[in-house]
Amino acid sequence: MTIGRVFAVLFVLGLIGLALINPSTAGLPPCPVHAGLRVYCPGCGSLRSLHSLFRGDIAQAWHYNPLPLCVLPIVLVGLFSDLLGYKSRITEIRPIFIRMLLASIILYGVVRNLPQFNYLTPQRINYLPPPSPDFSPEAGSEFADP
Amino acid sequence: MAETVNMNPQNIQNYLWQSIVVTVLCCLPLGIPAIVYATKVNNALMQGDTDAARKASDNAKMWCIISLVCGIVGGLGYIVVMALAAAAG
């Protein structure tokens, strides 16, 4: 069993756990990085994001952290090639694209801590409907009888 | 149709997806060298330098394992410590 396959099995187990457990309500302690340093690292919100994805709430997953959704395609390609043992072409990706991905992750970690980009921190979507305008046919609208 | 050339006949792994996962989910500072070594694997394979690719592959694997172990041990240890602290009041 190669280390790649061990890793793939661990990752799948973790994903199953995330599908079953809601990290917001599971009583997990707060992330030590955020609790200690008060910074949002690029991975902040990724557990909640993946859990939302399993619930089918892609919008909420995106708002918690878009990074897992962005790297999901390449991770799934690598995961399935390691699990099922077929040869992927992941080693043929041009190095410049991997460097750009790494630079994006680091830049994202910096930018989401700036106050101007506050919306990049993990956000919970409020699904309550917008407040309706004060409208009642009885109380003197154009639909009411004169 | 163009003939596809096998750039990687020895099937050297670059551990790219594992590096990305440990960077995002486990431990950012330890995942970054893993991604850098994954880049080096692809670079060496493009130049046909199998020895350098193998060396970079071993390094990428090592950093992935270090980061994964830190993430799991650190995460579980942190949960246990916090639970004990909560139980102690």
Side-chain angles (χ1 to χ4, degrees), chain A residues 2-8 10-11 14-15 18 26-33 35-36 39 41-47 49-50 65 67-68 70-82 85 87-103 105-106 108-109, chain B residues 4-29 31-47 53 56-58 60-62 64-65 67-69 71-72 74-86:
Chain A
T2 61
I3 187 70
R5 201 166 284 187
V6 172
F7 207 103
L10 280 177
F11 183 58
L15 285 183
L18 265 181
L28 291 176
C31 170
V33 175
V39 295
C41 88
C44 192
S46 49
L47 292 186
S49 173
L50 287 171
N65 193 342
L67 186 57
C70 295
V71 299
L72 200 59
I74 188 169
V75 168
L76 287 182
V77 165
L79 175 69
F80 282 116
S81 85
D82 277 357
K87 189 178 178 307
S88 76
R89 297 179 68 183
I90 202 166
T91 52
E92 293 173 37
I93 299 174
R94 284 168 201 268
I96 181 69
F97 291 121
I98 311 180
R99 292 202 188 97
M100 281 161 59
L101 172 70
L102 183 58
I105 293 176
I106 295 173
Y108 172 60
Chain B
T4 50
V5 182
N6 191 350
M7 304 276 288
N8 187 7
Q10 299 185 36
N11 206 9
I12 297 171
Q13 306 284 312
N14 64 356
Y15 300 98
L16 178 59
W17 78 266
Q18 291 95 334
S19 319
I20 295 173
V21 169
V22 294
T23 304
V24 174
L25 292 180
C26 285
C27 187
L28 179 78
I32 286 174
I35 299 184
V36 170
Y37 278 114
T39 317
K40 286 187 177 172
V41 173
N42 287 19
N43 209 3
L45 285 175
M46 273 180 73
Q47 291 164 359
S57 175
D58 289 342
K61 178 162 79 174
M62 183 188 73
C64 280
I65 294 172
S67 184
L68 179 69
V69 169
I72 292 179
L76 288 181
Y78 178 68
I79 290 176
V80 168
V81 167
M82 292 301 278
L84 287 178

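Numbered from 1 within each chain, the chains take letters A, B, ... in sequence-line order. As the structure is a prediction and not an experimental result, all values here were calculated from the model.
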Exercise. At a heavy-atom separation under 4.5 Å, does Ile79(B) approach chain A through its side chain, its backbone, both, or neither?
Worked result: both
Problem set entry | Under the ring pair (Phe, Tyr, Trp, His ring centres under 6.0 Å) test, residues paired with Tyr108(A) that sit two or more places apart | none
Problem set entry | Note, Ile32(B) side chain near Ile106(A) side chain (heavy atom, < 4.5 Å) | yes
Problem set entry | Top contributor to chain A interface from Asn43(B), Thr23(B), Ile72(B) [non-hydrogen pairs under 4.5 Å] | Asn43(B)
For this session: Identify which part of Phe11(A) has an atom lying under 4.5 Å from any heavy atom of chain B, answering side chain, backbone, both or neither.
Result: side chain
Seminar exercise, completed: If one checks every heavy atom of Leu76(A) against chain B at 4.5 Å, the contacting part turns out to be neither
For this session: With sequence neighbours left out, write down each residue that passes side-chain hydrogen bond (donor to acceptor under 3.5 Å, both in side chains) with Ser57(B), or none if nothing qualifies.
Result: none
Seminar exercise, completed: Bottom line for Leu28(A): the part with an atom under 4.5 Å from chain B's heavy atoms is side chain
Exercise. Who among Cys41(A), Pro68(A), Gly43(A) has the most heavy-atom pairs with chain B under 4.5 Å?
Worked result: Gly43(A)
Exercise. Which heavy-atom pair separates Ser67(B) from Val22(B) by the least distance, and what is that distance?
Worked result: OG-CB, 3.5 Å
For this session: Assess whether side-chain contact (heavy atoms from CB on, under 4.5 Å) is satisfied between Leu45(B) and Asn14(B), documenting all intermediate values.
Result: CA-CA 10 Å; Leu45(B) 285 175; Asn14(B) 64 356; over 6 Å; no
Exercise. Looking at Ile12(B), Leu25(B), Val36(B), which makes the most heavy-atom pairs under 4.5 Å with chain A?
Worked result: Leu25(B)
Exercise. Does any heavy atom of chain B fall under 4.5 Å from the side chain of Val71(A), the backbone, both, or neither of them?
Worked result: side chain
Exercise. Under the side-chain contact (heavy atoms from CB on, under 4.5 Å) criterion, do Phe7(A) and Asp82(A) qualify, and how do the steps go?
Worked result: CA-CA 9 Å; Phe7(A) 207 103; Asp82(A) 277 357; over 6 Å; no
For this session: Go through the atoms of Leu16(B) and report whether side chain, backbone, both or neither lie under 4.5 Å from a heavy atom of chain A.
Result: side chain
Exercise. So what's closer than 4.5 Å to chain A heavy atoms on Ile65(B): side chain, backbone, both or neither?
Worked result: side chain
Exercise. Are side-chain heavy atoms of Trp17(B) and Leu79(A) found at a separation under 4.5 Å?
Worked result: yes
Exercise. Which atoms of Cys44(A) come close to chain B, meaning under 4.5 Å heavy atom to heavy atom: side chain ones, backbone ones, both, or neither?
Worked result: neither
For this session: Identify which of Lys40(B), Gln18(B), Met82(B) forms the greatest number of heavy-atom pairs closer than 4.5 Å to chain A.
Result: Gln18(B)
Problem set entry | Shortest non-hydrogen separation from Leu67(A) to Pro42(A) and the atoms involved | CD2-O, 3.6 Å
